[in-house]
2 protein chains.
Amino acid sequence: MAESRKSLYPSKWLSKASAGDRVACELRMRIISGEIESGSILSENKLAADFDVSRSPIREALKILASENIIRLERMGAVVIGLSEKEIEEIYDVRLLIESFVFERLVRIDTNELVMELCKILEMMKVSIKYKDADEFSYQDVLFHETIIRAANHSYILMIWNNLKPVMESFILLSMRMRLEEKYEDFARIIKNHELYIEAVKTKNRDLMIKSLHENFDDVQGKVEDLWMSQQMLSKGVIQQDEHDEQDD
Amino acid sequence: MAESRKSLYPSKWLSKASAGDRVACELRMRIISGEIESGSILSENKLAADFDVSRSPIREALKILASENIIRLERMGAVVIGLSEKEIEEIYDVRLLIESFVFERLVRIDTNELVMELCKILEMMKVSIKYKDADEFSYQDVLFHETIIRAANHSYILMIWNNLKPVMESFILLSMRMRLEEKYEDFARIIKNHELYIEAVKTKNRDLMIKSLHENFDDVQGKVEDLWMSQQMLSKGVIQQDEHDEQDD
DNA sequence: ATTATAATACTTGTATACAAGTATACTTGA
DNA sequence: TCAAGTATACTTGTATACAAGTATTATAAT
């Protein structure tokens, strides 16, 4: 049975990616969206048939997903872990941890250039909302935080970010798409929080940074939980609904 | 040219490992010891010939090392990054970060069982020193910290640890072997610091924990720097000296 | 001598083949 | 009916083959 459904992951982000990366991105989205349920067992051969590629890229994809902690490689097949509320909280723990660490570094260096860059990204985010482009908005949102983290120039913190990023990205992508449909007014608050964040970086105000970060997370975490769960419930229905407008990437 | 030198990585730790893992461990040791210099370019084909395996496990190994940030995968060949002082400091930054985070979690739960486990490991460490087994000591040292981190039951913090662990392990392994030769008295201090750490966990004394952790790191970091550099200089000579007592794993 | 072009040698990514091991199902014997 | 053993089907890890792309080198023309 070959693959011919609409992909969850934005295909234009995969322009230069290998088959392994594509498979990883798509599987990640399906796992995080809940389409592939926690506890399911993925078989290399079956996946190879489904995605219509050989086992090599599948193996690569599974290794990637295992390092991201959303699947577990066992003797027989890969067990899906997925993202429960606990994992989502944990991811935000880590983000808080590393962004706080980074901020401590930033207060000691010149951040003018960084602030400029962040403002640019914020503008992009605003435009994305204006044109209701959830994917682009997500991209810029992730880029915003990555830009801050890169500014600290700390390769091992960046390593942690790189490990976390794909899962974060998928989660944000799904949650932003959902908000666009159901909670459009949320975007204003997200923008506001990012403005506060920039202000904190500019004035090197530690408390303000923590505040904006927390509010941003509480927003994404606490308030969205219910929506998220409903989204997970919905996802299967949504996918099935999309099933007939088949369109390969 | 097939491989036939004494391996830097303890072969008994590889009992059930795949060829890819073996290659990764061995390459990691050579990179961290400085035998393979930063900036070198590794070729899949050449490595496959050197290690006398096919490209598949080599590819796997390179992916692993790239995710650990000690090599960089580029269009043509893998560029060795290695561990300079900066990277070593960064690793300890991250350890401090995650172990502090973990400690905050530990003060809220019952740590009796953990303390027991840590005492056991500490005893093991003492025995290892007594019999001058640097490799076993390193193993237990790494296990000590991993045990603490696991106790926090935080999958994403554990993920970070798992990413960091191989490089840490290699570094500790090399530095403990060196101490055994040149700085035997250091071990007493390391044991002392670990005792303090256990005490901190037992009494949930935040300051004591930070103190012991810092002293442990300053020890490994500051004081060892010069030794480390001399070790890096030495490594090539040492390897060559070992070259003639060939012994496959 | 210098530049443009072509040939070569290496690179990555993917497909496929195979060996060794492990779980599942199917016998066969009591 | 149930236990033990065997066969089968699936698993992972590794080797090998190949296509497409990229750098390097050699050659040829000016």
Side-chain angles (χ1 to χ4, degrees), chain A residues 1-4 7 9 11 13-28 36 39-68 70-81 162 166 248-249, chain B residues 1-4 7 9 11 13-28 36 39-68 70-81 162 166 248-249:
Chain A
M1 164 181 65
E3 205 34 32
S4 62
S7 61
Y9 195 80
S11 51
W13 294 3
L14 292 169
S15 56
K16 244 200 70 179
S18 69
D21 290 332
R22 285 162 199 273
V23 171
C25 288
E26 190 54 30
L27 273 180
R28 191 185 297 116
I36 299 177
S40 326
I41 289 175
L42 304 176
S43 147
E44 285 188 6
N45 288 319
K46 201 166 289 174
L47 288 174
D50 284 358
F51 282 95
D52 206 27
V53 292
S54 79
R55 265 183 60 221
S56 310
I58 299 291
R59 278 179 76 76
E60 196 192 315
L62 293 183
K63 288 259 161 73
I64 292 172
L65 299 182
S67 84
E68 292 168 6
I70 57 174
I71 70 172
R72 191 164 10 98
L73 258 31
E74 297 197 342
R75 301 132 181 269
M76 299 255 115
V79 182
V80 175
I81 298 173
N162 284 334
D248 276 352
D249 165 39
Chain B
M1 165 181 64
E3 212 22 40
S4 64
S7 62
Y9 195 81
S11 51
W13 294 4
L14 292 169
S15 57
K16 244 201 71 180
S18 69
D21 290 332
R22 284 162 200 274
V23 171
C25 287
E26 190 56 28
L27 272 181
R28 192 186 295 117
I36 299 177
S40 325
I41 288 174
L42 303 176
S43 146
E44 284 187 7
N45 288 318
K46 202 166 287 172
L47 288 173
D50 284 358
F51 282 96
D52 206 26
V53 292
S54 79
R55 265 182 60 219
S56 310
I58 298 290
R59 278 179 75 77
E60 196 191 315
L62 292 184
K63 287 261 162 71
I64 293 172
L65 299 181
S67 84
E68 292 168 7
I70 58 175
I71 68 172
R72 193 165 9 100
L73 259 30
E74 297 197 342
R75 302 127 182 269
M76 298 254 113
V79 182
V80 175
I81 297 174
N162 284 334
D248 276 353
D249 162 41

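In what follows, every chain begins at residue 1, and chains take the letters A, B, ... in the order their sequences are listed.
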Residue met sooner reading DNA chain D from 5', once Glu74(A) and Ser56(A) are mapped to nucleotides: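 It is Glu74(A) whose nearest nucleotide is closer to the 5' end.
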What residues form a salt bridge (Lys or Arg N to Asp or Glu O under 4.0 Å) with Glu60(B), not counting sequence neighbours?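 Salt bridge (Lys or Arg N to Asp or Glu O under 4.0 Å) check on Glu60(B) returns Lys63(A).
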Counting N and O atoms only, with roles assigned by atom type, does the side chain of Glu44(B) sit under 3.5 Å from a partner on the main chain of Arg59(B), one being a donor and the other an acceptor?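 Flag not set: sc Glu44(B) to bb Arg59(B) has no pair under 3.5 Å.
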Could you tell me which residues satisfy side chain to side chain contact (heavy atoms under 4.5 Å, CB included) with [X], sequence neighbours excluded, listed by chain and number?
X	result
Asn162(B)	Leu158(B)
Ile81(A)	Asn69(A), Arg72(A), Glu87(A)
Ala24(A)	Arg28(A), Ala61(A), Ile64(A), Leu65(A)

So what does Arg75(A) touch, heavy atoms closer than 4.0 Å: a base, only the sugar-phosphate, or nothing? sugar-phosphate
Position toward the 5' end of DNA chain C (nearest nucleotide), Arg55(A) or Ser43(B): Ser43(B)
Heavy-atom pair of closest approach, residues Arg22(A) and Ala17(A):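 Here Arg22(A) and Ala17(A) meet closest at NE-O, 3.4 Å.
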On DNA chain C, which is the earliest and which the latest nucleotide, 5' to 3', with an atom closer than 4.0 Å to a heavy atom of chain B? dT11(C) to dT14(C)
Could you give the angle between the helix axes at the two ends of the helix from dA1(C)-dT30(D) to dA30(C)-dT1(D), with five pairs per end, rounded to 10 degrees?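 The angle separating the two end axes equals 20°.
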Ser56(A): partners by side-chain hydrogen bond (donor to acceptor under 3.5 Å, both in side chains), with sequence neighbours left out: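 Applying side-chain hydrogen bond (donor to acceptor under 3.5 Å, both in side chains) to Ser56(A) gives none.
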Are the side chains of Ile71(A) and Leu27(A) in contact, using a 4.5 Å heavy-atom criterion? no
